[in-house]
Amino acid sequence: MFFKKYGDILVGIFFMALSAVMMAMAAMLPKSKVMDVGPEFMPMCIGAVTFALAAALLVLSLKNHKLHLAQLAAESIPDCDHKRVLISTILILVYVFVLQPVGFILATLIYLPLQMLVLAPDSERGKKQIVQLLIVDVLFTAAVFFLFRYGFKIILPAGIFTINL
């Protein structure tokens, strides 16, 4: 019950601290002598965005804390779906371990629809929704690949396929 009452506040504080540590460690990375954008750029961006979002979560949680307590007292919160959490964890671990040997594109094209199906409500698992998930999967994978390849000039793991785009 403690985490249900104070969970958002604790999560906000945790992610603010984690992002601050991440930004401090990113600042210690050596500067690039070749490009203006060095290895610290992405961790700094991710850390700054995470810090801002965690701060917003903390402020909103503190602001709406009394309202949240009233909602908790009025309604019953369903228990965690442990099966989906376990499957999601396994999918993430498999994705991380196969990313390098298989490659970003193939691993992501397989991982994303599976993860989206696990997280989708039971009522949202029809043929139409699966087609939509596959379209989102292909578009997202292509967008991330091209953003990293041409926007950030970072080559993602090619794996078993060599892609010269």
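Count residues from 1 along the sequence. Side chains are part of it too, since the values below use all heavy atoms of this structure and drop only hydrogens, waters and symmetry mates.
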For this session: Answer yes if Leu109 and Leu134 sit in the same cluster of Ile, Leu, Val, Met, Phe, Trp and Tyr residues linked by side chain heavy atoms under 4.5 Å apart, and no otherwise.
Result: yes
Exercise. Honestly curious: do Phe140 and Phe152 fall in one hydrophobic cluster under the side-chain, below-4.5 Å linking rule?
Worked result: yes
Exercise. Below 4.5 Å, heavy atoms only, C-beta onward: do Tyr111 and Leu99 meet side chain to side chain?
Worked result: no
Exercise. Closest approach of Ala54 and Gly12, non-hydrogen atoms and distance?
Worked result: CB-O, 3.5 Å
For this session: Kindly indicate whether the side chain of Leu114, heavy atoms from C-beta on, has any atom under 4.5 Å from the side chain of Val118.
Result: no
Exercise. Applying the side chain to side chain contact (heavy atoms under 4.5 Å, CB included) test to Thr89, which of Ile87, Ile92, Leu93, Leu91 qualifies?
Worked result: Leu93
Problem set entry | Polar side-chain atom of Thr108 near backbone of Ile105 as donor-acceptor pair, under 3.5 Å | no
For this session: Decide whether Phe14 and Val49 are clustered together by the hydrophobic rule: side chain heavy atoms of Ile, Leu, Val, Met, Phe, Trp, Tyr closer than 4.5 Å, transitively.
Result: no
For this session: Step through the shown structure and confirm whether more than 12 heavy atoms of other residues, nucleotides or ligands are within 6.0 Å of CE on Met25.
Result: no
Problem set entry | Joint cluster assignment, Leu147 & Phe145, ILVMFWY side-chain distance < 4.5 Å | yes
Seminar exercise, completed: Taking every heavy atom of Gly47 against every heavy atom of Ser19, the minimum-distance pair comes out as O-CB, 3.3 Å
Exercise. Around Phe15, counting heavy atoms of other residues, nucleotides and ligands shown, do more than 12 lie under 6.0 Å from its CZ?
Worked result: no
Problem set entry | Interatomic spacing from NZ in Lys83 to OG in Ser88 - rounded to 0.5 Å | 12.0 Å
Exercise. Out of curiosity, Asp137 CG to Ile130 CD1, how far, rounded to the nearest 0.5 Å?
Worked result: 12.5 Å
Seminar exercise, completed: Output for pair (Met44 CE, Leu29 CG), nearest 0.5 Å, gives 8.5 Å
For this session: Could you tell me the separation between the CD1 atom of Ile13 and the CG atom of Leu18, rounded to the nearest 0.5 Å?
Result: 13.5 Å
Exercise. Does the side chain of Thr50 come within less than 4.5 Å of Met22's, by heavy atoms?
Worked result: no
For this session: Kindly compute the distance separating CD (Gln115) from CZ (Arg84), expressed to the nearest 0.5 Å.
Result: 11.0 Å
Problem set entry | Joint cluster assignment, Met116 & Val94, ILVMFWY side-chain distance < 4.5 Å | yes
Seminar exercise, completed: Between the CG atom in Leu10 and the CG atom in Leu58, the distance rounded to the nearest 0.5 Å is 9.5 Å
Exercise. Ignoring hydrogens and geometry, is there a side-chain-to-backbone donor-acceptor pair from Arg149 to Val144 under 3.5 Å?
Worked result: no
